[in-house]
Amino acid sequence: MSWAGKILRVNLTAGTVKSEPLNMEWAKAYLGSRGLGSKYLISEIDPKVDPLSADNKIIWATGPLTGTMASTGGRYTVITKSPLTGAIACSNSGGYWGAELKMAGWDMVIFEGASPKPVYLYINDDEAELRDASHLWGQSVWKTEEILKTSLQDPLLRISSIGKAGENGVLYAAVVNDLHRAAGRSGVGTVMGSKNLKAIAVRGTKGVGNMQNPKAFMAAAKAAKKVLADNAVTGQGLPAYGTQVLMNVINEVGGLPTRNHRDVQFEGSKDISAEAMATPRETDGKKHLVTNQACFGCTIACGRISKMDEGHFSVKNKPEYWGANGGLEYEAAWALGAANGVNDLEALQYANMICNEEGFDPISFGTTIGAVMELYEMGVLTKEQLGIEAPFGSAQALCEFADMTAKGIGFGKEIGLGSKRLTAKYGHPDLSMSVKGQEFPAYDGRVIQGIGLAYATSNRGACHLRGYTIASEVLGIPVKTEPTEHEGKPELVKAFQDATAAFDSAGICVFTSFAWTLADVAPQVQAACGDEFTMEHLNHIGERIWNMEREFNNAAGFTKADDNLPKRLMNEAAKTGPGKGMVSKLNEMLPKYYDARGWDGEGRPTSATRERLGL
C-alpha cells in the first residue's frame, strides 16, 4: 500500500498543526491526489463558500505513485474552491515538491482558516510547524526559495510558494515550486494568499515504502518506461522539442486561436515555435533553448530551459533575467503569443519569466491580454487608461502588462481580474474567451470539435488537461478521429475525462497518456496498492471522481447554462484552414454527452448513476 497513511491538518487561525490517519476507505475509492484531495475538500466545505473567506480550505495532495519509481511520479495537486470561477479548483504540478512531501511521510496537507499574519509551513519528516513569514511577504517566488534555503541552511529543501500575484489577489495566481513548475490554473495561489500563507518548505528523507509487491512494482514500472521510450511522442518528440512541438502542427490544422479567437491561424507561428527556440538568433548567434529538463522520476523530460537575448528591449537593463531559466511550454507560448498576435519569441519568454517569478497563470493572463487588445482596437480602452498603446502584435504592451499585473499597479489591477470580469466591466462580456470564468487554452473549439465540448463541460472551467481529445483528433492517439466531425465526440470526451481523472489521481503526469493507456497504469497501481486496481476499476474510479466534482459544482450553483462556449465560437465561422466555415456544434453534442454520462437533461447525475458510482 504505497500511501503514506497520514495527513497533516493545519489550522491557520489557531496556529495548530496536527497529524491524522488517512481515510483508507476514501483512498481506495478515490485513489489519491486529485480524486482523494477533492473528496476531502467536498466533504469539509460548503459548496457556496466565498473562495477567499477563511471558511474555504486548500489542500496539497499526492497520489499513491508519487515519490515512487513510476515514471513521472513527482506530481501533486492543489485543491480548493476557485476565486476565478467559483467552481472546484484542482491544479496539478510537477517538479520535485510532491515527491518530497511523500518522502517526508505525508499524503496530503489540509489548510483551514486564515492566519492573522504571514506564515509558512516547515516540514522535516515528522516535524511540522508554522513559522513567521513577515520577512518573505512581498518577495517573489524565486527570492522566497532562495531566502528559505539559505536561512534554514538546507539547499535540498523543496519549496511551494506564492509571489506578489498571490499576495495582491490576482484571481489567477499560481502556486509555484522548484522556481518554474506550477499548479498554475484557477487561482489556487490567490486562495493561498488570502490565508496569509506564503510557502510550504519540505524536506523528506524517509522514501516511499509500503509497496504491496515491490518486485512486481519494479517489473511493472520498468515495462511501462519501455513503452514511453519506444513511443514517438514520449520517446522522441517531447524530449527534443517539448510541448512546443505543437505550435506549427496546430496552426497547420487551422486550430490555433489567434487575436482573441478572431482567427484560427497565426502567420507568425513559426517565429514562436519549438523550431524557432532551437535555431540560433540573428542578433547574437545563440539559441534560445539551452537544454531540456525533467521533473522527479520522469523519463520524458519535456521541460525547457532557455536563455534570453541580453540585448532585447525587455531585459536590456535587467541582468537578473539574463541567466538560464524556465522556458516556454506550448500553452504559455500560445497565450502570450498567438492569442495576442505577438511573434517576438524573446518578449514571450520575458512575460513567461515574470509569470513564474511572481506566480500567475500565463494562460489566463495571455488570454486576458487578447481581450484587452481587442477592446483597445475597438476604441473601448484608450492609451490613457492602459498606460501604453496596445494593438494586437505589440510585444512592448505584452511585457508592460506582465510587469503591471505582477506588481498590481495601474491597469494591471484590471488585468488581474481575468477576462470575464474585465470584459463585463467595459460592456463587452462576449469578448471573454472563457468557460465558467476560466480562459481557453491553445486549441480552437470550432475546428477541433471534441476539445470545444471538453472546454464546455470541464469541471474547472475551460481546460485542455481534463480531457485532452487533441491526442485523438490531431495526433491519432490512441485512435484517429476527424477534428471537424462532431459525431462520436461526446463518447470520446467522456472516455478521455474519466481516464485522465485516474491518471491524475495516481500521482503521475498526464503526458504519459500519449503512450500509456490505463492498461499500463493498472499493473503499477496494483503492485503498489492492491490487486483490486484493475484497468476497469481505475476507469470506474475516474468516472466516480468526475461525477463527484460535477455534483460539487451543481451544489455551488452551476447549471446546464454554464456548459457553454462564447458566442464567437458558436456563431462566427473559422475564416481559414481545413476547418474554414466551421462553428462549434456544441448544441448537438451536449445532450448526447449528458446521455453518455448518465445525467438528466439538466446535467445532473441521475440516482441510478449515483448509485452505480457509489456517490
Side-chain angles (χ1 to χ4, degrees), residues 1-45 55-68 70 73 75-80 90 97-113 121-130 158 160 195 197 200-214 217 502 504-508 524-533 537-538 541 544-545 548 552 614-615:
M1 309 276 271
S2 63
W3 294 282
K6 62 178 186 174
I7 65 174
L8 201 56
R9 186 175 295 274
V10 182
N11 187 309
L12 291 164
T13 305
T16 57
V17 182
K18 296 177 181 175
S19 171
E20 291 179 11
L22 183 69
N23 186 322
M24 290 309 300
E25 184 183 339
W26 287 359
K28 290 178 179 178
Y30 296 93
L31 208 54
S33 199
R34 171 181 165 187
L36 187 56
S38 296
K39 175 63 176 174
Y40 268 90
L41 182 83
I42 289 167
S43 300
E44 296 188 10
I45 69 167
D55 292 331
N56 192 13
K57 298 187 182 185
I58 184 167
I59 300 171
W60 276 248
T62 67
L65 296 186
T66 305
T68 70
R75 311 299 297 190
Y76 74 97
T77 47
V78 183
I79 306 110
T80 187
C90 177
W97 192 92
E100 199 75 17
L101 180 68
K102 187 79 172 288
M103 290 190 281
W106 306 97
D107 289 304
M108 66 173 75
V109 185
I110 301 175
F111 290 92
E112 49 198 27
L121 179 68
Y122 174 70
I123 302 173
N124 189 346
D125 289 340
D126 294 327
E127 175 194 350
E129 63 176 357
L130 286 170
R158 297 296 174 183
S160 180
K195 296 186 176 299
L197 177 62
I200 311 172
V202 184
R203 186 76 174 92
T205 64
K206 295 182 171 190
V208 177
N210 307 324
M211 287 286 170
Q212 175 89 355
N213 187 332
F217 179 77
D504 287 346
S505 300
I508 52 177
Q524 299 178 79
V525 179
Q526 284 177 304
C529 302
D531 293 340
E532 68 267 31
F533 294 100
H537 188 52
L538 288 176
I541 288 173
R544 177 184 295 133
I545 292 164
M548 171 182 67
F552 175 86
L615 289 170

With a cut-off of 6.0 Å (strictly less than), are more than 12 heavy atoms of other residues, nucleotides or ligands near NZ of Lys18?
no
Within the distance-only criterion (no hydrogens, no angle test), does the side chain of Asn11 pair as donor or acceptor with the backbone N or O of Thr16 below 3.5 angstrom?
no
I want to check something: taking the side chain as every heavy atom from C-beta on, are Ser33 and Arg75 in contact at a cut-off of under 4.5 Å?
no
Separation between OG1 (Thr62) and CG (Leu36), nearest 0.5 Å, reads 8.5 Å
Without swapping roles, check the side chain of Lys195 against the backbone of Glu112 for a donor-acceptor pair under 3.5 Å.
no
I'd like to check Met211 versus Thr68 (side-chain heavy atoms, cut-off strictly below 4.5 Å). Are they in contact?
yes
Could you list the residues that satisfy side chain to side chain donor-acceptor pair (under 3.5 Å) with Ser505, not counting sequence neighbours?
none
Nearest 0.5 angstrom please: Asp125 CG to Thr205 OG1, how far?
3.5 Å
Side chain to side chain contact (heavy atoms under 4.5 Å, CB included) filter on Ser19, not counting sequence neighbours, yields Lys6, Trp106
Test salt bridge (charged side-chain N to carboxylate O under 4.0 Å, His left out) applied to Glu127 - qualifying residues, sequence neighbours left out
Arg131
From Ile508 CD1 over to Leu65 CG, what is the distance, rounded to the nearest 0.5 angstrom?
6.0 Å
In Å and rounded to the nearest 0.5 Å, what is the CG to CD1 distance from Asn56 to Ile45?
5.0 Å
Those residues at least two apart in sequence (or on a different chain) that pass salt bridge (charged side-chain N to carboxylate O under 4.0 Å, His left out) with Arg544 are none
Would you indicate whether the side-chain heavy atoms of Tyr76 and Ser160 approach each other to under 4.5 Å?
yes
Partners passing side chain to side chain contact (heavy atoms under 4.5 Å, CB included) against Glu20 (at least two apart in sequence or in another chain):
Ile7, Arg9
Just wondering, do Lys206 and Met103 contact through their side chains at under 4.5 Å, heavy atoms?
no
Looking at residues at least two apart in the chain, or sitting in another chain, which of them share a side chain to side chain contact (heavy atoms under 4.5 Å, CB included) with Asp531?
none
Val109/Ile123 under side chain to side chain contact (heavy atoms under 4.5 Å, CB included): CA gap, chis, key distance, verdict:
CA-CA 10 Å; Val109 185; Ile123 302 173; 4.2 Å; yes
Can you tell me how far apart CH2 (Trp97) and NZ (Lys102) are? Round to the nearest 0.5 Å.
12.5 Å
Considering all heavy atoms of both residues, which atom of Ile545 and which atom of Gly35 are nearest to each other, and what is their separation?
CD1-CA, 3.6 Å
Can you list the residues that meet the side chain to side chain donor-acceptor pair (under 3.5 Å) rule with Ser2, with sequence neighbours excluded?
none
Partner set under ring pair (Phe, Tyr, Trp, His ring centres under 6.0 Å) for Phe111, not counting sequence neighbours:
Trp60
Ring pair (Phe, Tyr, Trp, His ring centres under 6.0 Å) filter on Tyr40, not counting sequence neighbours, yields Trp26
Does any N or O in the side chain of Asp107 come within less than 3.5 Å of the main-chain N or O of Gly5, such that one atom is a donor and the other an acceptor?
yes
Would you give the length of the straight line joining atom OG1 of Thr66 to atom CG of Leu101, rounded to the nearest 0.5 angstrom?
9.0 Å
Listed by chain and number, what are the side chain to side chain contact (heavy atoms under 4.5 Å, CB included) partners of Glu532, not counting sequence neighbours?
Lys28, His537
Can you name the salt bridge (charged side-chain N to carboxylate O under 4.0 Å, His left out) partners of Arg34, sequence neighbours left out?
Asp504, Glu549
Tell me, please, which residues at least two apart from Glu100 pass side chain to side chain donor-acceptor pair (under 3.5 Å).
Arg203
